[in-house]
A.B. asks: 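Before I ask anything, let me first share the structure, which is written out below as structure tokens.
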Amino acid sequence: MERTLSIIKPDGTSRGLIGEVIKRLEENNIKIIAAKMIHMTKKQAQGFYAVHKERPFFDSLTDFMSSGPVVVMALTGENVIPRYRELMGATDYRKAAEGTIRKDFATDIEKNIVHGSDAPETAAFEISYFFNSFEIVA
Ligand code: IDP
Ligand code: MG
């Protein structure tokens with residue numbers, strides 16, 4: 001069983017899409033093993049997205065991610081990393097497949113509703129960034 005980290009970004013929480021995202025997880029047999037709502041500081045967002053620190057969008061992205069509350073969740077399931085990324089859709093909502101979260105709700109390449117880890121190593125780092133072992137139920 002694989003694990004991944006999901007974040008419902010500030011645009012998702014402020015637009016009332018928490019239930020919508022969780023419904024899609026449950027419909028797709030993806031199990032939530034940890035969840036909480038937090039409001040990251042700029043520094044916490046910079047630490048989370050450190051792999052992107054040289055990218056031109058880093059400052060704007062970390063401003064956005066620290067602009068309001070987010071829901072962070074650890075998820076588990078078979079092949080959950082690619083399966084959740086498939087539910088999310090492409091980073092750029094204009095290129096996302098029909099029926100994906102980003103295609104259905106995103107308005108902007110940055111404000112794209114959700115985050116999902118891209119590989120087992122990044123998932124392990126990202127889950128441990130937000131959750132200690134006592135906060136994970138599985
Ligand atoms: P991902 O979230 O689909 O894995 P990444 O390339 O890891 O995409 O980028 C992280 C986040 O940075 C994206 O989800 C999006 O919010 C933002 N982002 C990515 N590319 C751009 C861009 O070209 N302009 C502005 N923001 C971007
Ligand atoms: Mg990514």
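Remember, predicted model here, so these are calculated numbers, not experimental data.
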A.B. asks: For the side chain of R85 and the backbone of G116, is there at least one donor-acceptor N/O pair under 3.5 Å apart?
C.D. replies: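 Yes; at least one donor-acceptor contact below 3.5 Å.
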A.B. asks: Shortest non-hydrogen contact from P120 to E2?
C.D. replies: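 Taking P120 first and E2 second, the nearest heavy atoms are CG-OE2, 4.3 Å.
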A.B. asks: Please report the interatomic distance CZ(F64) to NZ(K9), rounded to the nearest 0.5 Å.
C.D. replies: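 Taking CZ in F64 and NZ in K9, the distance rounds to 6.0 Å.
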A.B. asks: In terms of the angle between their ring planes, are F48 and F130 parallel, tilted or perpendicular, with boundaries placed at 30° and 60°?
C.D. replies: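 Ring orientation, 0 to 90° scale: tilted.
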A.B. asks: Verify the cluster assignment for I127 and I38: are they in a single hydrophobic cluster under the rule of side-chain heavy atoms below 4.5 Å apart?
C.D. replies: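 Result: yes, single cluster for both.
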A.B. asks: If two hydrophobic side chains count as joined below 4.5 Å and joins carry through other members, does M37 share a cluster with V137?
C.D. replies: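 Cluster IDs for M37 and V137 differ.
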A.B. asks: In sequence, state the C-alpha distance, the side-chain angles, and the governing distance for T91 and R102, and then conclude on side-chain contact (heavy atoms from CB on, under 4.5 Å).
C.D. replies: CA-CA 8 Å; T91 308; R102 285 166 166 173; 4.1 Å; yes
A.B. asks: Please examine the side chains of F105 and V114, heavy atoms only from C-beta on, and report whether any two atoms are closer than 4.5 Å.
C.D. replies: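 No, too far: nothing below the 4.5 Å cut-off.
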A.B. asks: So, taking the atom named OG1 in T107 and the one named CG in D11, what distance separates them when rounded to the nearest 0.5 Å?
C.D. replies: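 Interatomic distance, T107 OG1 to D11 CG, rounded to 0.5 Å: 6.0 Å.
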A.B. asks: In the single-linkage hydrophobic clustering (I, L, V, M, F, W, Y; side-chain heavy atoms under 4.5 Å), do F131 and V71 co-cluster?
C.D. replies: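 Different clusters.
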A.B. asks: If only atom types and distance count, is the side chain of E135 paired as donor or acceptor with the main-chain N or O of N132 below 3.5 Å?
C.D. replies: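 Side chain of E135 to backbone of N132: a pair is present.
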A.B. asks: Do you know which of Q44, K42, K43, Q46 makes side-chain hydrogen bond (donor to acceptor under 3.5 Å, both in side chains) with T62?
C.D. replies: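 Of Q44, K42, K43, Q46, side-chain hydrogen bond (donor to acceptor under 3.5 Å, both in side chains) with T62 is met by K42 alone.
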A.B. asks: One thing to verify: whether R94 and D92 come together as a salt bridge, which I'm taking to mean a side-chain N less than 4.0 angstrom from a carboxylate O.
C.D. replies: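 A salt bridge is present here (some side-chain N lies under 4.0 Å from a carboxylate O).
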A.B. asks: State, with a plain yes or no, whether a side-chain heavy atom of P10 is found less than 4.5 Å away from one of V70.
C.D. replies: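 Yes. Closest side-chain heavy atoms under 4.5 Å.
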A.B. asks: Just wondering, do R15 and I113 contact through their side chains at under 4.5 Å, heavy atoms?
C.D. replies: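 I113 vs R15: side chains touch.
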A.B. asks: I'd like to know if V72 and Y129 are part of one continuous hydrophobic network [Ile/Leu/Val/Met/Phe/Trp/Tyr, side-chain heavy atoms within less than 4.5 Å].
C.D. replies: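 Hydrophobic grouping puts Y129 with V72.
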A.B. asks: Any side-chain heavy atom of I32 sitting closer than 4.5 Å to one from L75?
C.D. replies: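 Yes, at least one pair of side-chain atoms sits under 4.5 Å.
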A.B. asks: Please check: side-chain N/O of S66 versus main-chain N/O of A45, any donor-acceptor pairing under 3.5 Å?
C.D. replies: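 No, the answer is negative, given that no donor and acceptor are paired below the 3.5 Å cut-off.
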A.B. asks: Start with the C-alpha gap between L61 and R55, add the side-chain angles, then the distance that decides, and say whether side-chain contact (heavy atoms from CB on, under 4.5 Å) holds.
C.D. replies: CA-CA 10 Å; L61 173 63; R55 309 286 286 276; over 6 Å; no
A.B. asks: Quick check on the hydrophobic clustering: are F57 and M65 connected, directly or via other members, by side-chain heavy-atom contacts under 4.5 Å?
C.D. replies: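 Yes, it is one cluster - the side chains of F57 and M65 are joined through contacts under 4.5 Å.
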A.B. asks: Would you find more than 12 non-hydrogen atoms of other residues, nucleotides or ligands less than 6.0 Å from K31 atom NZ?
C.D. replies: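 Atom NZ in K31 is not crowded, with 12 or fewer foreign heavy atoms closer than 6.0 Å.
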A.B. asks: Could you tell me the separation between the OG1 atom of T4 and the CZ atom of R83, rounded to the nearest 0.5 Å?
C.D. replies: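 Answer rounded to 0.5 Å: 11.0 Å.
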A.B. asks: Find out whether Y84 and L25 are in side-chain contact, i.e. whether some heavy atom of one side chain is under 4.5 Å from a heavy atom of the other.
C.D. replies: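 SC-SC contact between Y84 and L25 confirmed.
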A.B. asks: First locate atom CG of D108, then atom CG of N112, and finally report the distance between them rounded to the nearest 0.5 Å.
C.D. replies: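 D108 atom CG to N112 atom CG measures 8.0 Å (nearest 0.5 Å).
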A.B. asks: Do D118 and I81 have side-chain heavy atoms sitting under 4.5 Å apart?
C.D. replies: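 D118 does not reach I81 side chain to side chain.
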A.B. asks: Say you draw a straight line from NZ of K103 to CE of M88; how long is it, rounded to the nearest 0.5 Å?
C.D. replies: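 Interatomic distance, K103 NZ to M88 CE, rounded to 0.5 Å: 15.5 Å.
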A.B. asks: Once you round to the nearest 0.5 Å, how far does CD of E78 lie from CE of M1?
C.D. replies: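 Separation between the atoms: 6.5 Å.
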A.B. asks: Any non-hydrogen side-chain atom of M73 less than 4.5 Å from a side-chain atom of I8?
C.D. replies: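 Of all side-chain heavy-atom pairs linking I8 with M73, at least one is under 4.5 Å.
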A.B. asks: Please tell me if the side chains of E86 and T100 come closer than 4.5 Å, counting only heavy atoms from C-beta onward.
C.D. replies: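 SC-SC contact between E86 and T100 ruled out.
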